[in-house]
> 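Handing you a structure now.
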Amino acid sequence: MQDGCIFCQIVAGAAPAHVVYEDARILAVLDLFPVAEGHTLIIPKAHAENVFEARSEDLAGVMAASKPLAHAIRAAFTPDGLGVYQLNGAAAGQTVFHYHMHLIPRREGAGLALHSRVQGEADALEAVAVRIREALAGTL
């Protein structure tokens, strides 16, 4: 655990999150500042700042979880597409320095954004998390 890292705090249960999936290695939560309904983050539980520092087994865990989560997001929200994004370093747009992957449902004609400045409402986010968890249960 890294002091001051919000994702480490979420993993430890010390910060709130809307969890959609968890296993021994990774945690998938809704982005608290979503750019689209269903915007999900997949994070390894072990702290690593970026892809250069992350353990190979953690990277494999994130990638393995991405497929069933992508299917669940598609089943729950029927987007036109799904963006899969991973940023390394401030110059690449990384704002939380704990390795993570974004799964962002996309609609035709919507502008491309990876981060929002507007925090989602807690009740609405939890309703989204429930939809993803229910859809995920059908894919596992």
Side-chain angles (χ1 to χ4, degrees):
M1 186 159 161
Q2 180 79 24
D3 286 343
C5 174
I6 187 62
F7 287 172
C8 286
Q9 292 171 15
I10 289 169
V11 168
H18 299 276
V19 176
V20 296
Y21 175 77
E22 182 174 11
D23 65 25
R25 189 168 299 283
I26 66 105
L27 184 66
V29 300
L30 293 183
D31 194 310
L32 290 180
F33 293 82
V35 296
E37 188 175 45
H39 182 171
T40 301
L41 305 175
I42 309 172
I43 61 175
K45 291 181 175 179
H47 182 84
E49 185 171 311
N50 52 46
V51 70
F52 305 107
E53 297 177 4
R55 296 183 303 199
S56 295
E57 52 272 16
D58 290 334
L59 296 174
V62 168
M63 190 54 76
S66 70
K67 184 168 183 167
L69 284 163
H71 280 285
I73 291 167
R74 184 171 62 178
F77 301 103
T78 60
D80 298 321
L82 181 79
V84 179
Y85 306 99
Q86 199 286 303
L87 311 168
N88 297 281
Q94 186 178 9
T95 58
V96 176
F97 296 94
H98 181 124
Y99 176 85
H100 60 287
M101 176 186 286
H102 295 256
L103 300 179
I104 304 176
R106 304 280 301 143
R107 299 278 178 211
E108 289 290 336
L112 179 61
L114 300 179
H115 303 101
S116 171
R117 297 192 192 288
V118 179
Q119 186 168 352
E121 183 181 308
D123 290 343
L125 288 171
E126 189 53 34
V128 168
V130 167
R131 287 176 66 183
I132 295 172
R133 287 192 300 262
E134 287 174 350
L136 187 59
T139 66
L140 297 177

> Same cluster for Ile43 and Tyr21 if Ile/Leu/Val/Met/Phe/Trp/Tyr side chains link at under 4.5 Å?
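They do not share one cluster, since no chain of ILVMFWY contacts under 4.5 Å joins Ile43 to Tyr21.
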
> Give me the atom names and distance for the closest heavy-atom approach of Ala92 to Leu87.
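In this case the closest contact between Ala92 and Leu87 is O-CD2, 3.4 Å.
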
> Do Tyr85 and Leu59 land in one hydrophobic cluster if side-chain heavy atoms of ILVMFWY residues count as linked below 4.5 Å?
no

> Between His39 and Phe33, is there a side-chain heavy-atom distance shorter than 4.5 Å?
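No - every pair of side-chain heavy atoms lies 4.5 Å or more apart.
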
> Within the structure provided, determine whether Leu69 and Met101 are in side-chain contact (heavy-atom separation under 4.5 Å).
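The answer is no, as the side chains (C-beta and beyond) never meet within the 4.5 Å cut-off.
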
> Determine whether Phe77 and Val128 satisfy the following criterion, side chain to side chain contact (heavy atoms under 4.5 Å, CB included), listing intermediate values before the conclusion.
CA-CA 9 Å; Phe77 301 103; Val128 168; 3.5 Å; yes

> If every non-hydrogen atom of Ile132 is compared with every non-hydrogen atom of Ala72, which pair is closest and at what distance?
O-CB, 3.8 Å

> List the atom of Ile6, the atom of Ala15, and the distance in Å for their closest heavy-atom pair.
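In terms of heavy atoms, the two residues are closest at CD1-CB, 3.7 Å.
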
> Take atom CG of Asp3 as the centre, draw a 6.0 Å sphere, and report whether it contains more than 12 heavy atoms from other residues, nucleotides or ligands.
no

> Could you go through Val84 and Leu103, starting from their C-alpha distance and side-chain angles, then the distance that decides it, and tell me whether this counts as side chain to side chain contact (heavy atoms under 4.5 Å, CB included)?
CA-CA 5 Å; Val84 179; Leu103 300 179; 3.7 Å; yes

> Is there a continuous path of hydrophobic side-chain contacts, each under 4.5 Å between heavy atoms, that joins Val51 to Ile42?
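Yes.
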
> Contact between Phe97 and Asn50 at the side-chain level, heavy atoms closer than 4.5 Å - yes or no?
no

> Quick one: does Ile26's side chain get under 4.5 Å of Asp58's, heavy atoms only?
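The answer is no; the side chains never approach within 4.5 Å.
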
> For a 4.5 angstrom cut-off between non-hydrogen side-chain atoms, does His102 reach Leu41?
yes

> Shortest non-hydrogen contact from Ser116 to Pro34?
CB-O, 3.4 Å

> May I have the step-by-step check of side chain to side chain contact (heavy atoms under 4.5 Å, CB included) for Gln86 and Gln94, ending in yes or no?
CA-CA 8 Å; Gln86 199 286 303; Gln94 186 178 9; 5.6 Å; no

> Do Asp80 and Arg106 sit within salt-bridge range, that is, some charged N less than 4.0 Å from a carboxylate O?
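Salt bridge absent between Asp80 and Arg106.
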
> Please check: side-chain N/O of His98 versus main-chain N/O of Pro44, any donor-acceptor pairing under 3.5 Å?
yes

> Contact between Val35 and Leu114 at the side-chain level, heavy atoms closer than 4.5 Å - yes or no?
no

> To the closest 0.5 Å, what do you measure between CD1 (Ile73) and CG (Leu82)?
5.5 Å

> Grab the two heavy atoms, one from Ala46 and one from Arg55, that are nearest each other, plus how far apart they are.
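Heavy atoms only, the tightest pair is CB-NH2, 3.2 Å.
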
> If you draw a 6.0 Å radius around CE in Met63, do more than 12 non-hydrogen atoms from other residues or ligands fall strictly inside?
no

> Taking all heavy atoms of Val29 and all of Ala17, pick out the closest pair and write down the distance.
CG1-CB, 3.9 Å

> Nearest 0.5 angstrom please: Glu22 CD to Leu27 CG, how far?
5.0 Å

> Do His47 and Glu53 come within less than 4.5 Å of each other through their side chains, counting heavy atoms only?
no

> When hydrophobic residues are tied together by side-chain contacts of less than 4.5 Å, even through go-betweens, does Val62 share a cluster with Phe52?
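Yes, Val62 and Phe52 fall within the same hydrophobic cluster.
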
> Answer whether the closest heavy-atom distance between the side chains of His18 and Leu32 falls below 4.5 Å.
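In contact.
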
